[in-house]
Amino acid sequence: MKELIFGLIGGTALLMYGVDKMGEGLEKASGDMMKKILSVLTGKVWGAFLVGAFLTAIVQSSTAITILTVGFVNAGLMNLSQAVGIIYGANIGTTITAQLMAFSFKFKLTDIALPVLGIGFGIQNLSKNKKLQNIGQALMGFGMMFLGLKILNSGIPFLKESESLKYFFTQYASIPIVGILLGAFVTAMVHSSAATVGLVMVLAQAGLLDIQSAICIMLGDNIGTCLSAQLASLNGNINGRRTAWAHTFYNLFGVIITLVALPLFVKFVVIVTARIQPASDISAQIANSHTLFNLVNSLIFLPLTKYYVAFLNKVIRPKNDAHMNEVYLDKLLLDTPVAALKASRSETIRGTQIVKKMFIDVMNFIFTGDMKIMGQIADDEVVINQMQKDITTYIVELSKRELTETQSIMVPATINCINNIERIGDHVVDISELCKNKVDKNLQFTDVADNELREIENVIVEMFENVVIAIEYRDKESIKRVAELEDKADNLCATFEENHIKRLDDETCNVDSGVIYIDVISHLERIADYIYKTAMLAKDELYGEKRKDCSH
C-alpha cells in the first residue's frame, strides 16, 4: 500500500511537472514565431481557428495560448471574433499530448523516458544556444511526463486489488455530474488538462473507470482549464473579460450538449476508435474522446461565431461607466515586445483622441464662454497625465526585456510621442486659463478675430485626424498632409498676429482682449508643432527606423 501511495504522489507530480516543463520549453523555443503570428493575426475566424490549433499543437499549452489571446484582446491587437477562433483551435491543438500518452500505453514509449530525460538534460546544460536549451528543456519535460506515467503504470496491479478505490469509482465517479465536477476540480488545481487525462488513462487501465466515466471526467477537465484565462482577465478591460468568458462558455456549452447526448457520444467515440485504431485499448478511446469533443464543439460553433460574439457582447457588460474607456496596456504582453509596442501605440492613439477632444472643447470655450467646459478639460488633463505616467512606466519595464535593434528604436519614440501629447494637453489647459480670464473680465474678441481662430482650429483638427492615421498605419499621405498643414498653421498664426497689430493701430480691438488673443495664437502654434513632431516620429522611429529626414 505504501508503494502505491508513494507511486501515485511521485508519479502524478512527475507527470504534471513534465507536461508543464515540456510546454514551457516548446513555448520558449517557438515563442517568437508564436507571438508574431498571433500579434499580426488578421482575417476571418477560420484563419484564427487554424492558427490557434497550429500554435497550440506546437507549444502544447492551450492555457498559454488562451492567456496570450486575452492579453492581445486587452491591448486592442485582436478583435473578439479572432480571439474566439483561436480558442476553438487551441482546444483542439492541446489534445495531441493525450494522444501521445495513449500511444505510449500501446508502444511502451514509457521505456524511453529515462534516455530522453538524459538527452534533454545534456542539451539544456551543454548548449550555449538559447533555442537548443529550450528544446532540451522540452525533451526533459517529455521524459519526465512519460517517467511519471511509467511510475503510475507500475501501480496498476495495486489499484486493481484496492476494493475501496473500486467502490469509490464504481459508486460515485460513474455518476456523470460527479465525474464532471471531479475532472473540473482536479484540472483547476493542477492547471493542466493533459495531466488529468493521463491520470484518467491510468485509472481506466486499472479497470477503475469505464469509458463513460472517463469521458465525464474528461468533460470536467475542459471546464477546469478555463480557470487560468479567467484569472488572467481579472485586471483586463471589457474585451479581455469577454475573451476569457468566450473560452468558459464555449467549453460549458460543449459539455452540456455532450452530457445531454452522452450515450450517443460514447458510442461515437467507440466506433471511431475501432475504425481508425482497431487494435487499441481504452486509453486510445479516452484520448480520442478528448479530441473528438473539441473537434465537434468547434464545428458546431464556427458557423455561429457571429451570433456567439453578439451573445458575449450582450451578456458580459462593463462593470460601470468608468470602465468604458479602453486601456490597451497589458502586463501580459511585456514578454512579447512586438505586441507590447503595438499596444503602446494603441494607447497613444487613445491619448491623441482625448487631447483632440480637449482642443475642440477649449475652442468652444473661447467662442461661447461656457465655464462648464473648463471642468471637462481639467478632467481630461488628469487622464492624459496619468496616461503619460502609465505608458512611460510600461515602456521602461519593456526596455528591460530582450529587444531587437528595431524595437530599441521604438522605445524612446513611444515615450516622445506620449510626451508630445501631454504637452499639447498642457497648452490646451493654458488656453482654458486665458479663456477664464477673458470671461472673468467680460472681454470680447472681434468677429474678425473669432473667424481667424476658427480657421486655425479647422487646420489643427485636420492635423489631429491625420496624425491618428499616421500613428496607426504609418500612412505616408497622412504624414505628408500633417507637414503641409503645420506650414499652413505657422503662416496663419504669423498673418493673424500682423492683422491683430493693425486692429490695435486702428483701435478696433481692446488691448486686454488683444493680449489674450496673441497668447492664444502662440499656444495654437505650439500645439501644431507638437502634432507635427508626433507625425515625424510615426514616419520613422515609432516603427523602428532611424530618422532619415527632418525636413518636409
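Atoms considered below: every heavy atom in the structure, side chains included; atoms not considered: hydrogens, waters and symmetry mates.
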Flag yes if more than 12 heavy atoms outside [X] fall under 6.0 Å of its [atom1] atom; otherwise flag no.
X	atom1	value
Gln386	CD	yes
Lys357	NZ	yes
Phe367	CZ	yes

Could you check whether any side-chain heavy atom of Phe445 comes within less than 4.5 Å of a side-chain heavy atom of Ile516, counting everything from C-beta outward?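 A side-chain contact under 4.5 Å exists here.
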
What's the shortest heavy-atom distance between Ala470 and Ser478, and which atoms?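 Looking at all heavy atoms of both residues, the shortest contact is N-CB, 4.2 Å.
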
Report the distance from atom [atom1] of [X] to atom [atom2] of [Y], rounding to the nearest 0.5 Å.
X	Y	atom1	atom2	value
Lys436	Ile377	NZ	CD1	13.0 Å
Met410	Leu398	CE	CG	9.5 Å
Asp447	Arg454	CG	CZ	9.5 Å
Glu397	Thr392	CD	OG1	13.0 Å
Ser81	Leu312	OG	CG	9.5 Å

Looking at [Y], is its backbone amide N or carbonyl O close enough to the side chain of [X] to form a donor-acceptor pair, meaning the two atoms are under 3.5 Å apart?
X	Y	answer
Tyr532	Asp487	no
Ser432	Met374	no
Ser522	Ile518	no
Ser346	Lys342	yes
Asn437	Glu433	no
Thr95	Ile92	yes

Please find out if less than 6.0 Å separates the ring center of Tyr530 from that of His427.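 For Tyr530 and His427, the ring centres are under 6.0 Å apart.
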
Of Leu443, Leu434, Leu453, the residue whose pairing with Tyr517 passes side chain to side chain contact (heavy atoms under 4.5 Å, CB included):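 Answer after filtering Leu443, Leu434, Leu453: Leu453.
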
With a 3.5 Å cut-off and no angle check, do the side chains of Asn91 and Asn251 form a donor-acceptor pair?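 Yes, side-chain donor-acceptor contact under 3.5 Å.
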
Do the rings of Tyr308 and Tyr88 sit parallel, tilted or perpendicular, given the 30° and 60° boundaries?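 If you compare the ring of Tyr308 with that of Tyr88, the planes turn out parallel.
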
Report the C-alpha separation of Met363 and Leu524 in whole Å, then their side-chain angles, then the decisive distance to 0.1 Å, and conclude whether the side-chain contact (heavy atoms from CB on, under 4.5 Å) test is met. CA-CA 10 Å; Met363 296 309 288; Leu524 294 179; 4.1 Å; yes

For a side-chain contact (heavy atoms from CB on, under 4.5 Å) check, start with the C-alpha distance between Val355 and Phe464, then their side-chain angles and the critical distance, and finish with the verdict. CA-CA 9 Å; Val355 291; Phe464 272 121; 3.7 Å; yes

Within 45 degrees of the ring normal and closer than 6.0 Å to the centroid, is that where the cationic atom of Arg242 sits relative to Phe249?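 Arg242 over Phe249 ring: no.
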
